[in-house]
Amino acid sequence: MRLATWNINSIRTRVSRAVDFAVREDIDVLAFQETKCKPEQFPYEPFEEAGYQVEVHGLNQWNGVAIASRLPMTDVRTSFAGQPGFAKGHEGPDAPLEARALGVIVDGVRVWSLYVPNGRSLNDEHYHYKLHWLEALRTATAAELAADPNLPLALVGDFNIIPFDHDNGDPAIVQGFSTHVSPPEREAFFALESAGVTDVVRPLIPEGYTYWDYQRLKFPRNEGIRIDFVLGSKPFADAVTGASIHRDERKGEQPSDHVPVVVDLDFGGGDDDGDLPMIFS
DNA sequence: ATGTCACTAAGCTAGTGA
């Protein structure tokens, strides 16, 4: 299986880019964030013509997550257990949920497409919302893996956290002043390891950015940041055979400000490409 | 020039979010 995650920053603006990438790169499962539309506005047809079915979760023009897959998707969920909601001046499990999580089972793998809240600034209520959201994600992930320790599970998406200093090439993002690099955010990110998931791309690609701001020539100057990740449970991580960050997708006409992150997986069985099984004798 | 972009509601610009 070839699995990708991509903050597309409006699927309606970039549907051709998205489908072309999926086909060209032979992606089986492609998780999107920031689709920025309701299901009735989602451009299903180009995906279906290319052989992908799509699960969509979107409530309005903000956020929005989706998963396109060549393989059947089951057990679709539009939030994780205990996911906090948010409304102005009102945060927590009783507040309305935003469209930031979509989970499916595909080929025996639980895939969560996640768009972690942007903290905006260190003293903003969205910053506390972000930390609570991450803690709830940790709890929900630990519970899901406790219920099925052998489950190949992946948390993929835009985490809006820069885990290490060398993941930050943007001089405007400064420790002590900016979100994405604050110790509480980094602790929340690494705390996901205690739930049983690890970054499966990092060991294969130690350096590299996944996002460059549209403003101030950040891409030509390569002042990017690494905030898009694939975190996998042990059964998932053990199946990883390769990874790639598709920097070229930041180039050309109307790019997203994020690029896709791809992981190759081999769960054994010898039949991961739809062809007849290999016979060894 | 913060060297930008996408969304909506209401109009051809302002407000919001990133």
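In what follows, every chain begins at residue 1, and chains take the letters A, B, ... in the order their sequences are listed.
Legend: residues meeting salt bridge (charged side-chain N to carboxylate O under 4.0 Å, His left out) with A:Asp170, ordered by chain and number and at least two apart, are A:Lys218. Taking A:Asp248 as the reference, A:Lys251 meet the salt bridge (charged side-chain N to carboxylate O under 4.0 Å, His left out) condition, with sequence neighbours excluded. A:Arg14 is linked by a salt bridge (charged side-chain N to carboxylate O under 4.0 Å, His left out) to nothing, counting only residues two or more places apart in sequence or in another chain. With sequence neighbours excluded, no residue forms a ring-ring contact (aromatic ring centres under 6.0 Å, His included) with A:Phe177. A:Arg186 meets the salt bridge (charged side-chain N to carboxylate O under 4.0 Å, His left out) test with A:Asp165; sequence neighbours excluded. In this structure A:Tyr44 satisfies the ring-ring contact (aromatic ring centres under 6.0 Å, His included) test together with A:Phe42, sequence neighbours excluded.
Taking atom P on both nucleotides, B:dT8 is separated from B:dG3 by 27 Å, rounded to a whole Å. Nucleotides B:dA1 and B:dC7 have their C1' atoms positioned 24 Å apart, rounded to a whole Å. Comparing B:dA10 with B:dA6, their P atoms are spaced 23 Å from each other, to the whole Å.
Using cut-offs of 30° and 60° for the angle between ring planes, the A:His166 and A:Phe164 rings count as parallel. Between A:Trp133 and A:Phe80, the angle of the ring planes goes over 60°, which puts this pair in the perpendicular group of the 30/60° scheme. Taking the six-membered ring where tryptophan is involved, the planes of A:Phe189 and A:Phe159 are perpendicular, since the angle between them exceeds 60° and thus also 30°.
Within the structure, the ring-ring contact (aromatic ring centres under 6.0 Å, His included) test picks out the following pairs touching residues 230-264 of chain A (sequence neighbours left out): A:Phe21-A:His246, A:Tyr211-A:His258. Residues in residues 229-246 of chain A take part in these salt bridge (charged side-chain N to carboxylate O under 4.0 Å, His left out) pairs, two or more places apart or across chains: A:Lys234-A:Asp238.
When the P atom of B:dG17 is taken as reference, atom NE2 of A:His126 falls 6 Å away, rounded to whole Å. Going from atom CG of A:Asn7 over to atom P of B:dT4 covers 20 Å, rounded to whole Å. Rounded to whole angstrom, the span from the CD atom of A:Glu98 across to the C1' atom of B:dA18 amounts to 13 Å. In this structure, A:Asp124 atom CG and B:dG17 atom C1' are separated by 11 Å, rounded to whole Å. Rounded to a whole Å, the CD1 atom of A:Ile8 is 13 Å from the C1' atom of B:dA6. The CD-P distance, from A:Glu253 to B:dC5, rounds to 10 Å in whole Å.
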Would you tabulate the nitrogen or oxygen pairs shorter than 3.5 Å linking the protein to nucleotides 8-16 of chain B?
residue : atom : partner : partner atom : Å
B:dT8   : OP1  : A:Arg12 : NH2          : 3.4

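Within residues 207-227 of chain A, the residues that have a heavy atom under 4.0 Å from DNA chain B are, in order of number, A:Tyr214, A:Gln215, A:Arg216, A:Leu217. Sorted by residue number, the list of members of residues 163-172 of chain A with any non-hydrogen atom under 4.0 Å from DNA chain B is empty.
Listed nucleotides: B:dC7, B:dA18, B:dC5. Nearest to the side chain of A:Thr13: B:dC7.
For the OP1/OP2 pair of B:dA6 and a distance below 4.0 Å, the side-chain nitrogens and oxygens of A:Gln254 include at least one atom meeting the criterion.
Nearest-nucleotide assignment on DNA chain B puts the 5′-proximal partner with A:Pro255, out of A:Asn63 and A:Pro255.
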Exercise answer: donor-acceptor pairs, residues 53-61 of chain A side-chain atoms, under 3.5 Å, sequence neighbours excluded:
residue : atom : partner : partner atom : Å
A:His57 : NE2  : A:Thr78 : O            : 3.3
A:Asn60 : OD1  : A:Trp62 : N            : 2.8

